[in-house]
*Asks:* 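Before I ask anything, let me first share the structure, which is written out below as structure tokens.
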Amino acid sequence: MIRIYNTLSKKKEEFVPIEEGKVRMYVCGPTVYNFIHIGNARPMIVFDTVRRYLEHKGYEVNFVSNFTDVDDKIIKKANEEGVSADEISKRYIEECKKDMEGMNIRPATVHPLATQEIDGMIAMISDLMEKGYAYAVNGTVYFRTRRFAEYGKLSHKNLDDLQGGNRSLLVSGEDEKEDPLDFVLWKPKKEGEPYWVSPWGDGRPGWHIECSVMSRKYLGEQIDIHGGGEDLVFPHHENEIAQSEACSGKVFSRYWMHNAFLNIDNRKMSKSLGNFFTVREISEKYDLQVLRFFMLNAHYRSPLNFSAELMEASKNALERIQTAVDSLKYTAEHAAAEQMTDGEREQLKEADAFMEAFDRAMDDDFNTADAIAAVFDLVKYVNTHTGEGSSREAAQAFCGRIQRLCDILGIITEKQEELLDADVEGLIEERQAARKAKNFARADEIRNLLLEKGIILEDTREGVKWKRA
Ligand code: AMP
Ligand code: ZN
């Protein structure tokens with residue numbers, strides 16, 4: 001039995017899907033105006049792991065995660081670069097997908113784009129207006145928050161407290177609203193911004209309506225799990241609930257899961273503090289498997305601190321698992337005996353305890369920290385009980401067990417021989433130095449070495465450029 005901590009009830013609850021054997025799951029994706037940072041990577045890794053574990057338990061998971069590809073930040077970046085918003089979002093969706101692949105995050109069943117779903121958003125907003133939950137003023141459409149009696153149920157906020165906290169909105173020129181608590185569903189276009197035609201005038205959707213519409217379209221009116229970072233609880237998810245439930249009259253999502261934040265050196269990650277890392281920057285120093293392993297070492301609801309020391313520790317720990325897998329493969333290849341002995345059969349049975357501990361940890365609100373501890377117990381057991389005398393069958397069985405557990409966590413057990421960006425840059429520098437010293441043999445050797453690893457060099461007027469084949 002899987003238990004999930006539900007933000008709605010603030011309790012761990014037994015997981016029972018709407019439809020037996022199937023899970024409908026929606027996770028809010030990133031706004032694509034830059035490379036994703038390592039904070040954005042946390043929900044991606046966490047919910048990819050949740051999905052993998054549910055599949056391991058036999059569920060068929062329909063996993064939907066959007067890209068927010070229309071937003072103020074995207075427009076700002078587009079204006080700075082003098083290109084279209086579309087170009088910016090397309091570029092960073094592609095870059096995000098590369099980072100996801102590096103972190104072994106499987107593509108969602110569907111990755112909808114907000115800009116491709118505008119008709120659905122206009123339809124839902126119209127429906128909300130007909131039902132009396134929304135109204136238009138001067139081209140802006142607002143949601144009538146107080147009409148939705150259960151508003152605040154996810155964030156456990158009370159409307160009157162919110163009213164106090166929101167007073168500042170009134171002075172910032174939003175006094176056309178009936179109530180300061182009302183939020184935007186549709187906003188009118190501004191000069192130089194992308195827009196769509198709507199019954200309320202040209203404009204674009206508010207952020208919250210996107211997720212209500214995309215999750216309804218791809219998963220139906222009612223879903224099992226909705227996920228995202230804890231900063232999304234209020235107002236984003238609260239507003240999603242208000243929109244979806246006001247429309248359908250049904251419970252939108254049964255379980256709400258939120259990951260805690262990733263901090264850097266115990267401080268909030270921010271550009272102004274200069275402690276801000278993109279996933280791409282980390283990939284220059286580490287195989288991204290290390291980043292994934294590092295994230296899963298903490299429970300997803302615990303704040304997680306990122307530091308160079310912790311990354312080094314994760315790298316070493318991951319290598320211990322990979323070395324154990326390598327040794328088992330070597331043992332299997334060179335084993336004198338083919339078949340398992342009775343003693344080995346007993347050992348495998350004994351090691352089942354670690355497999356069970358792994359599932360127990362994951363059943364308990366996806367406790368990946370304890371699950372990884374179970375993997376290490378298995379690795380330790382294997383290291384002490386297998387070796388030269390082991391049969392091929394036993395070595396393969398142990399190896400398969402470690403790999404199965406790692407695969408559920410999305411951790412690749414093969415050592416990556418691939419060159420990291422930093423290594424490539426280093427070799428290119430060395431090649432330049434060799435050429436300068438007229439050591440052309442060494443320069444060619446480096447070029448060929450890089451070619452073997454799938455790195456193509458191009459000598460241009462601005463210097464050496466490289467790409468992966
Ligand atoms: P955004 O692009 O800002 O909408 O964020 C995409 C996802 O990343 C959301 O689920 C956020 O909650 C999550 N997120 C952003 N920053 C962090 C962080 N420092 N730690 C964990 N999750 C984060
Ligand atoms: Zn969302």
Side-chain angles (χ1 to χ4, degrees), residues 7 25-50 63-74 76-77 88-89 92-93 95-96 99-100 103 105 108 111-114 117 121 124 154-155 183 185 205-219 223 225-244 252-253 256-273 275-279 282 291-292 294-296 298-307:
T7 309
M25 186 167 171
Y26 186 94
V27 177
C28 296
T31 306
V32 277
Y33 64 100
N34 209 331
F35 288 98
I36 57 163
H37 58 65
I38 54 176
N40 299 138
R42 192 172 189 193
M44 290 181 180
I45 291 170
V46 162
F47 293 108
D48 178 62
T49 307
V50 168
F63 185 97
V64 177
S65 190
N66 67 301
F67 285 113
T68 295
D69 61 345
V70 56
D71 173 88
D72 290 342
K73 292 188 195 126
I74 299 173
K76 184 166 170 265
K77 177 91 169 179
I88 295 291
S89 58
Y92 290 112
I93 287 170
E95 298 300 348
C96 176
D99 288 337
M100 285 170 68
M103 294 184 287
I105 294 165
H111 278 290
L113 305 181
E117 310 287 347
M121 298 184 208
M124 190 182 258
L154 181 71
S155 51
F183 60 88
L185 298 172
W207 170 38
H208 315 300
I209 196 76
E210 290 177 13
C211 291
S212 285
V213 167
M214 293 188 264
S215 97
R216 181 175 74 173
K217 174 162 171 188
Y218 295 99
L219 297 169
I223 67 172
I225 300 175
H226 194 122
E230 65 183 4
D231 58 322
L232 300 187
V233 174
F234 185 86
H236 185 53
H237 288 164
E238 197 70 73
N239 292 353
E240 280 188 38
I241 292 178
Q243 297 162 157
S244 298
F252 171 35
S253 174
W256 286 86
M257 294 179 65
H258 294 99
N259 63 273
F261 256 45
L262 175 84
N263 297 316
I264 297 196
D265 294 324
N266 291 312
R267 289 200 296 181
K268 195 174 153 66
M269 183 164 58
S270 86
K271 274 199 171 140
S272 56
L273 286 174
N275 59 356
F276 180 95
F277 291 112
T278 62
V279 170
I282 300 302
L291 184 65
R292 180 170 187 124
F294 158 78
M295 298 261 188
L296 295 178
H299 187 267
Y300 74 92
R301 283 190 291 112
S302 309
L304 177 57
N305 189 43
F306 180 93
S307 71

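All ligand and atom numbering here is 1-based and tracks the order in the structure. Everything numeric here is computed off the predicted structure, so don't read it as measured data.
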*Asks:* Quick check: do M257 and Y300 have side-chain heavy atoms less than 4.5 Å from each other?
*Replies:* yes
*Asks:* Side chains of Y26 and E240: is there a donor and an acceptor less than 3.5 Å apart?
*Replies:* no
*Asks:* When you draw lines from the Zn ion (ligand 2) to SG of C28 and to NE2 of H236, what angle lies between them, to the nearest 10°?
*Replies:* 120°
*Asks:* K217 versus P112: any side-chain heavy-atom pair under 4.5 Å?
*Replies:* no
*Asks:* Could you tell me whether the side chain of E210 reaches within less than 4.5 Å of the side chain of E117, counting heavy atoms only?
*Replies:* no
*Asks:* Provide, to 0.1 Å, the distance between atom 13 (C) of ligand 1 and the closest protein heavy atom, together with that atom's residue and name.
*Replies:* P43 CG, 3.7 Å
*Asks:* Check whether the ring centres of F63 and F47 lie less than 6.0 Å apart, and answer yes or no.
*Replies:* no
*Asks:* Could you tell me, atom by atom, which parts of ligand 1 come under 4.0 Å of a heavy atom of G229?
*Replies:* 10 (O), 12 (O)
*Asks:* Taking backbone and side chain together, does C211 place any N/O/S atom at a distance below 2.8 Å from the Zn ion (ligand 2)?
*Replies:* yes
*Asks:* Note the single closest protein heavy atom to atom 2 (O) of ligand 1, along with its residue, its atom name and the distance in Å.
*Replies:* T31 N, 3.0 Å
*Asks:* Closest non-hydrogen protein atom to atom 12 (O) of ligand 1, residue and atom name please, with distance?
*Replies:* D231 OD1, 2.4 Å
*Asks:* Do me a favour and list the nearest non-hydrogen protein atom to atom 6 (C) of ligand 1 with residue, atom name and distance?
*Replies:* N40 ND2, 3.5 Å
*Asks:* Between D69 and Y92, is there a side-chain donor-acceptor contact under 3.5 Å, judged purely by atom types and distance?
*Replies:* no
*Asks:* Would you mind finding which of I38, I36, L232, L262 brings a heavy atom closest to atom 9 (C) of ligand 1?
*Replies:* L232
*Asks:* Do S244 and R216 come close enough that some side-chain heavy atom pair is under 4.5 Å?
*Replies:* no
*Asks:* Using side-chain heavy atoms (C-beta onward) and a distance below 4.5 Å, is F294 in contact with L262?
*Replies:* yes
*Asks:* Please state which protein non-hydrogen atom is closest to atom 16 (N) of ligand 1 and give its distance, to 0.1 Å?
*Replies:* H37 CE1, 3.4 Å
*Asks:* Do you see an N/O/S atom of H208, backbone or side chain, under 2.8 Å from the Zn ion (ligand 2)?
*Replies:* no
*Asks:* Short list, please: which atoms of ligand 1 are under 4.0 Å from a heavy atom of N259?
*Replies:* 21 (C), 22 (N)
*Asks:* Looking only at distance, does G39 have an N or O less than 3.5 Å from an N or O of ligand 1?
*Replies:* yes
*Asks:* Are any N, O or S atoms from E240 nearer to the Zn ion (ligand 2) than 2.8 Å?
*Replies:* yes
